[in-house]
Amino acid sequence: MIRVRDLHSWPSTEAEAIAVQERLRPLVRQTGLDRAPATAAGLDVAYVGDDGALVAAVTVLDVTTLTVLDSAVVHATTSFPYVPGLFAFREAPALLRALERLRVTPNVLVCDGQGLAHPRRFGLACHLGVLTDLPSIGVGKNSLGPYDPPGRERGEWTPLRLDGEVVGRALRTRPGVKPVFVSVGHRVDVESACALVLRLTPRYRLPETTRTADRLGRAG
DNA sequence: GCGACAG
DNA sequence: ATCTTGTCGC
């Protein structure tokens, strides 16, 4: 089963949150995946109306058949506001609780957001990866920085830069459709991350993992 | 100071 | 993220 490492308490101010990110950043590892992952987890959060009520959903898929092997849902309330760069402090607590409820431990976490493609190189994917010590990757629908459009064909990509540093890739998963933004979360290399994303996108722009998690979250 | 800014 | 119908295209 998945165990969450108690590396820090959850801050309530932006300054504390930034301090946590800078303290955990050195723990990120980019070592390549030993072998192609057989299972992958999709994580997503749905917001329900007024306050900070949300639903964290996680699904575990067989990478070959794209069949859902396991899933978990957690209803919670966030107090941390949405601040670009501090996204994890809003969604990670509930997502971690959902991960702890899984009966099947996935080989890799596919997060809905950025990994190293983050202002302090510690996006949601890095945070979840380090706290669970599981391989993880970030697949964002939008980029935090500018990027050159990759070729029109599926599989083509361009380097994603931030502050002049390569932090990920803008990857085309569907011909002529807006690319997704892939970056390393923990214990994976960019090449393996993109290969996995392509396996998870035989039909749609977004990985099947995030699609199933998204649907589960909306269903409640 | 002003605008931009993962979900 | 979320509010939202029809419509254009494969």
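Just the heavy atoms: all of them, side chains too, but no hydrogens, waters or symmetry mates, feed the values below. Not measured: the values here are computed from a predicted model. Residue numbers start from 1 in every chain, and the chains themselves are labelled A, B, ... in the order their sequence lines are given, proteins ahead of strands.
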Whole-Å gap separating [atom2] ([N]) and [atom1] ([X]):
{"X": "A:Arg121", "N": "B:dA6", "atom1": "CZ", "atom2": "P", "value": "16 Å"}
{"X": "A:Asp51", "N": "C:dA1", "atom1": "CG", "atom2": "P", "value": "18 Å"}
{"X": "A:Leu86", "N": "B:dA6", "atom1": "CG", "atom2": "C1'", "value": "11 Å"}
{"X": "A:Phe181", "N": "B:dC5", "atom1": "CZ", "atom2": "C1'", "value": "14 Å"}
{"X": "A:Leu95", "N": "C:dA1", "atom1": "CG", "atom2": "C1'", "value": "13 Å"}
{"X": "A:Tyr147", "N": "B:dC5", "atom1": "OH", "atom2": "C1'", "value": "15 Å"}
{"X": "A:Tyr204", "N": "C:dC10", "atom1": "OH", "atom2": "C1'", "value": "13 Å"}
{"X": "A:Arg120", "N": "B:dC5", "atom1": "CZ", "atom2": "C1'", "value": "12 Å"}

Mind checking [X] for me? I need base, sugar-phosphate or nothing, with any heavy atom below 4.0 Å counting as a touch.
{"X": "A:Gly85", "result": "base"}
{"X": "A:Leu124", "result": "base"}
{"X": "A:Gly123", "result": "base"}
{"X": "A:Leu162", "result": "nothing"}
{"X": "A:Phe87", "result": "base"}

Problem set entry | Side-chain hydrophobic cluster, 4.5 Å single linkage: members besides A:Val55 |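 A:Val48, A:Val73, A:Leu216, all in the cluster of A:Val55.
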
For this session: Could you tell me whether the side chain of A:Arg5 and the main chain of A:Asp133 form a donor-acceptor pair under 3.5 Å?
Result: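 No: the side chain of A:Arg5 does not pair with the backbone of A:Asp133.
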
Problem set entry | Check: A:Ser143 side chain, A:Pro146 main-chain N or O, donor-acceptor pair, under 3.5 Å |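 Judged by distance alone, no pair lies under 3.5 Å.
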
For this session: Determine, step by step, whether A:Glu191 and A:Arg169 satisfy the salt bridge (Lys or Arg N to Asp or Glu O under 4.0 Å) criterion, reporting the C-alpha distance in whole Å, the side-chain angles of both residues, the deciding distance to 0.1 Å, and the verdict.
Result: CA-CA 9 Å; A:Glu191 193 59 47; A:Arg169 295 178 180 179; 3.0 Å; yes

Is the phosphate of [N] approached by [X] (side-chain N or O, under 4.0 Å from OP1 or OP2)?
{"X": "A:Asn142", "N": "B:dC5", "answer": "no"}
{"X": "A:Arg90", "N": "B:dA6", "answer": "no"}
{"X": "A:Tyr82", "N": "B:dA6", "answer": "yes"}

Exercise. Given C:dT2, B:dG7, B:dC5, which nucleotide is nearest the side-chain atoms of A:Ala46?
Worked result: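 Taking heavy atoms from C-beta onward, the closest nucleotide is C:dT2.
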
Problem set entry | Among B:dG7, C:dT2, B:dA6, the nucleotide that comes nearest once only the side chain of A:Asp44 is considered |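 Closest nucleotide among those given: B:dG7.
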
Exercise. For residues A:His118 and A:His127, is any side-chain donor paired with an opposing acceptor at under 3.5 Å?
Worked result: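 The answer is no; no qualifying pair exists.
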
